[in-house]
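See structure below.
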There are 2 protein chains.
Amino acid sequence: MSIDANDFYQALANESRLRCLVLLQRQGELCVCELTHALNLSQPMISRHLALLRESNLVLDQRFGQWIYYRINETLPDWVRSVLQTTAQANATKTPFAADLKALNKMPNRPSTGCCT
Amino acid sequence: MSIDANDFYQALANESRLRCLVLLQRQGELCVCELTHALNLSQPMISRHLALLRESNLVLDQRFGQWIYYRINETLPDWVRSVLQTTAQANATKTPFAADLKALNKMPNRPSTGCCT
DNA sequence: AACATATATATGTTTTATCGTATATTTAAA
DNA sequence: TTTAAATATACGATAAAACATATATATGTT
């Protein structure tokens, strides 16, 4: 999966999308309602930003029943993976990224995190 | 020198600025007229993009006579330096970055590259 | 079949970024 | 003290991004 540097940074240049990517990088896989809750944004907002990330090949989606899970595209070039990983790691404790993870962990009725999934 | 991840990626989200940064990362230090020639853009365009990079602390400038040289801010946090370096390296041979360096090396009357500077 | 939940898309509006052009500033040289 | 070269800034026009809201689609449940 190839990607243009300019397209890549265009996709990162929005706080909501950056927060989604950092959270996905840290959590591996999240559905839309989890991201919506974690970032405290409207569902259409999250959905549209995810669509843009999907269209630029940064994330992949997969449906499980009524939920659609997003994850970082594991076939991205090494340098892109590296940038995402470095960014997520260096900013994990900073605003707003730390709060996003906190909010995610406080989410009630989170799908797929029960004992039987 | 601290920097906000969102501000950082905002600054990268423009092809002209990205090309400037990649070229600076590779060449160390360049004046405005060199960047203008290498990227083949108007002087005010380059100047305004450099101003934005300067205002977001990504680059530093230094005057030498009538020329003003820009360079990547060496006091940026490690993760930012790492992202810039990784990006420059991985994209060096790709469009438009390879052509920019080529054009720079073909520039006639380049300042400060003579034998006595 | 009717309804509820999760997600996606469409539309109109507002905000933000970019660009071309003109002009100002600074320095060096004549 | 003009003049030229390098650079920066200002201004108006255009384009792009983001947003709120409404609605559509797909799945699961009763």
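Since this is a predicted model, take the numbers as computed values, not measurements. Letters go in sequence order (proteins before strands), and every chain restarts at 1.
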From C-beta outward on [X], which listed nucleotide comes closest to its side chain: [options]?
X	options	result
B:His49	C:dT9, C:dC19, C:dT27	C:dC19
B:Ile68	C:dA17, D:dT7, C:dA8	D:dT7
B:Arg54	C:dT7, D:dT27, D:dT9	D:dT9
A:Val32	D:dA6, D:dA8, C:dT7	C:dT7
A:Pro44	C:dA8, C:dT27, D:dA17	C:dA8

Whole-Å distance separating the [atom1] atom of [X] from the [atom2] atom of [N]:
X	N	atom1	atom2	value
A:Glu34	C:dT7	CD	P	8 Å
B:Asp61	D:dA8	CG	P	7 Å
A:Leu41	D:dT21	CG	P	14 Å
B:Gln66	C:dA24	CD	P	21 Å
A:Asn109	C:dA4	CG	C1'	15 Å
A:Arg110	C:dT5	CZ	P	20 Å
B:Leu50	D:dA6	CG	P	16 Å
A:Asn6	D:dA16	CG	P	13 Å

Q. Is it true that the side chains of A:Tyr69 and A:Arg63 contain a donor and an acceptor less than 3.5 Å apart?
A. no
Looking at every strand, decide which applies to [X] at a 4.0 Å heavy-atom threshold: base, sugar-phosphate, or nothing.
X	result
A:Arg48	base
A:Glu15	nothing
B:Phe64	nothing

Q.
Does D:dA18 have OP1 or OP2 under 4.0 Å away from a side-chain N or O of A:Asn14?
A.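 Answer is yes, contact under 4.0 Å.
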Q | N or O in side chain of B:Tyr70 less than 4.0 angstrom from D:dA8 OP1/OP2 | A |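 It does, given that an N or O in the side chain of B:Tyr70 lies less than 4.0 Å from OP1 or OP2 of D:dA8.
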(Q) Treating A:Ser56 as the side-chain partner and A:Leu53 as the backbone partner, does any N or O pair qualify as donor plus acceptor under 3.5 Å? (A)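 Between the backbone of A:Leu53 and the side chain of A:Ser56 there is a qualifying donor-acceptor contact (under 3.5 Å).
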Q: Kindly check if the number of other-residue, nucleotide or ligand heavy atoms within 6.0 Å of CG (B:Asp4) is above 12?
A: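 More than 12 within 6.0 Å, yes.
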Q) Where each residue is assigned the nucleotide of DNA chain C containing its nearest heavy atom, which of B:Arg17 and A:Met45 is assigned the position nearer the 5′ end? A) A:Met45
Q) Which residue, B:Ile46 or A:Leu52, contacts DNA chain D at a nucleotide closer to its 5' end, judged by nearest heavy atom? A)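 Looking at DNA chain D, the more 5' nearest nucleotide goes with B:Ile46.
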(Q) Out of the candidates B:Asn14, B:Asn6, B:Leu12, only one should pair with B:Gln10 under the side-chain contact (heavy atoms from CB on, under 4.5 Å) rule; please name it. (A)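 The side-chain contact (heavy atoms from CB on, under 4.5 Å) with B:Gln10 is passed solely by B:Asn6 among B:Asn14, B:Asn6, B:Leu12.
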Q: Tell whether B:Gln43 reaches the base of D:dA8 with its side chain through a donor-acceptor pair below 3.5 angstrom.
A: yes
Q) Which base sits across from C:dC3 as a Watson-Crick or G-U pair, both distances under 3.5 Å? A) D:dG28
(Q) Quick one, A:Asn73 and A:Arg54 - any side-chain contact, counting heavy atoms below 4.5 Å? (A) no
Q | Parallel, tilted or perpendicular: ring planes of A:Trp79 versus A:Phe8, cut at 30 and 60 degrees | A | perpendicular
